[in-house]
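Accompanying notes for the structure given below.
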Amino acid sequence: MLDIKLIRNEPELVRTALRRRGAQAEASLDELLELDRSRREILVVVEEKRSLRNSVSEEIAKLKRDREDAASKIEAMRAVGEEIKRLETELKDVESALEEELLRVPNLPDPSAPDGGEEDSVVLHHWGTPREFAFDPQDHLDLAVARDLIDMERGARTSGSRFAYLKGDLVFLQFALVQFALQRLASKGFRPVVVPVLVRDEAMYGTGFFPTDMQQVYRVEADGLNLVGTSEVPLAALHMDEIVDESDLPLRYVGYSSCFRREAGAAGKDTRGIFRVHQFDKVEMFSFCAPDKSAEEHDLMCSIQQEILQELGLPYRAVNIAVGDLGASAAKKCDLEAWLPTQGRYREVTSCSNCTDYQARRLKVRAKGEKGGPYLLHTLNGTVAALGRTIIAIMENYQTEEGSVEVPTALRPFMPIGMERIGR
RNA sequence: GGAGAAGUGGCCGAGUUGGCUGAAGGCGCUCGCCUGCUAAGCGAGUGAAGGAGUGAAUGCUCCUUCCGAGGGUUCGAAUCCCUCCUUCUCCGCCA
């Protein structure tokens, strides 16, 4: 959420920034300003009346204590009370309309995010050299099906399309990745957290997934809860409504959870294998930091992501995502795309966003300390390991001619003893 | 799921014949004083949100709201009524 005061005082600055996201992002700006104006107009009147009521009520109390007659004042205040009630209703209507509009306005993009849509994202650099195969490489699903490591048919029978069973040694690989990722991040000061995956609406609104991306979310209507699409949601909500001590910053967490996405609108896209499924597991890092430190923090998180792919020996490229492709809450986002030999291209495996104070304002996450305060923090999130996609990248890049998969050396300490190869 | 109890400021904790309590008292914290050091002691300060006014500015003045959340009763509610949420205890069930 944007600061209404910023919109009020610098409407043109906001308009210009939002225009980069597209016409509809700035569409509600004028209506918003009008609602804000009328809110303050009504507020002034209400407060005057309340002030009057307060002082007269005191007089009434005094008269009653002295056992004098207060009937005429009480009678007068009855009318004022009704007037206040009427104005309060009016005020509340305006305020909820304002709130509703405000919740739909996306974050202001960072100047360093490139203009344009998906195709305008800027490749920052490459790492690693895609392997030359002396044979025809197979894709992850062929490799896995041959050894019954991924079962899409039965997944579909049980749960529908885009659900899978992961089986056998691939399960060990997944948990090796989890251990590797968690330990690496913990050693860098990120506190491991297993998060709730069912969350209240507040957490969804607070992180900016509601109302914009409601159609992507599985909802458990009976309990009014939502399945999270990423542990970013419960991690961000961890400090909801809190004023933390500035000296504890930055607060760094690494979460592990299953993630659930409806993938509405992705029909026909990436239908093969487990590249795009409704349920996958992910290790995610999250940071709350001081507002003047978030650019630095973003760099740190991006470098951690790269370090991990490098240790896994997966060739990748880093991409600065264009404004049109940013989520509502991100001011800036960088993806890492790993090389998939059978697709002959780089595909997204991690993503790292700086949400500035957008989520913090919605969630009311603040700090105070020497700098004074309470002031809003900045929040950042980044993938450490999206297990499904990382497994795909490992399988495809580390496959052997006979169809087994070598385990990257970095993961071997976390595999069953002696297991250096999967599917032999 | 059933039966009870409770939710007040950073923390503990007063506050039920509704009115002068944003909130006693204590702890903690900050600043100052004092003291070889430390401890103790003394003094002052110490919640948040919104709005109006004022200033070049760090600000300052005033008002409103907030005692788990939302409604209601009343001239007036932390105090009375209703709904919801959360926590605790006991029982049942269960990974």
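By convention in this document, chain letters (A, B, ...) are assigned in the order of the sequence lines, proteins followed by strands, and residues within each chain are numbered from 1.
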Which nucleotide, in any strand shown, forms a Watson-Crick or G-U wobble pair with [N], with both distances under 3.5 Å?
| N | value |
| --- | --- |
| B/rU35 | none |
| B/rG22 | none |
| B/rG59 | B/rU54 |

For atom [atom1], what is the distance between [N] and [M], given to the nearest Å?
| N | M | atom1 | result |
| --- | --- | --- | --- |
| B/rC67 | B/rG22 | P | 12 Å |
| B/rG76 | B/rC20 | C1' | 13 Å |
| B/rA52 | B/rG9 | P | 29 Å |

Are there any protein N/O atoms within less than 3.5 Å of an N/O atom in nucleotides 93-95 of chain B, and if so, which ones and at what distance?
none

Solution key, residues 78-85 of chain A side-chain donor-acceptor pairs under 3.5 Å, sequence neighbours excluded:
residue: A/R78; atom: NH1; partner: A/E75; partner atom: OE1; Å: 3.2
residue: A/E83; atom: OE2; partner: A/R86; partner atom: NH2; Å: 3.2

Distances for protein N/O vs nucleotides 47-49 of chain B N/O pairs under 3.5 angstrom?
residue: B/rA48; atom: O3'; partner: A/R366; partner atom: NH1; Å: 3.1
residue: B/rA49; atom: OP1; partner: A/R366; partner atom: NH1; Å: 3.2

* Asked: Does the separation of the ring centres of A/H239 and A/F286 fall below 6.0 angstrom?
  ->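 That pair fails the under 6.0 Å test.
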* Asked: So which one's nearest nucleotide on RNA chain B is more toward 5', A/K92 or A/I74?
  ->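 Final value for this comparison: A/K92.
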* **Expected output: side-chain A/T383 to main-chain A/A385 donor-acceptor under 3.5 Å** =>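 Not a single qualifying donor-acceptor pair exists.
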* Asked: Does anything in residues 35-54 of chain A reach RNA chain B, meaning a heavy atom under 4.0 Å, and if so which residues?
  ->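 Listed by number, they are A/R39, A/R40, A/L43, A/V44, A/E47, A/R50, A/S51, A/R53, A/N54.
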* Could you note down all residue pairs passing side-chain hydrogen bond (donor to acceptor under 3.5 Å, both in side chains) where residues 202-211 of chain A supplies at least one of them, sequence neighbours left out? =>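 Output for this query is empty, none listed.
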* **Step-by-step side-chain contact (heavy atoms from CB on, under 4.5 Å) determination, A/N226 to A/F210** => CA-CA 11 Å; A/N226 309 281; A/F210 281 4; 3.6 Å; yes
Short N/O separations, protein against nucleotides 81-84 of chain B, under 3.5 angstrom:
none

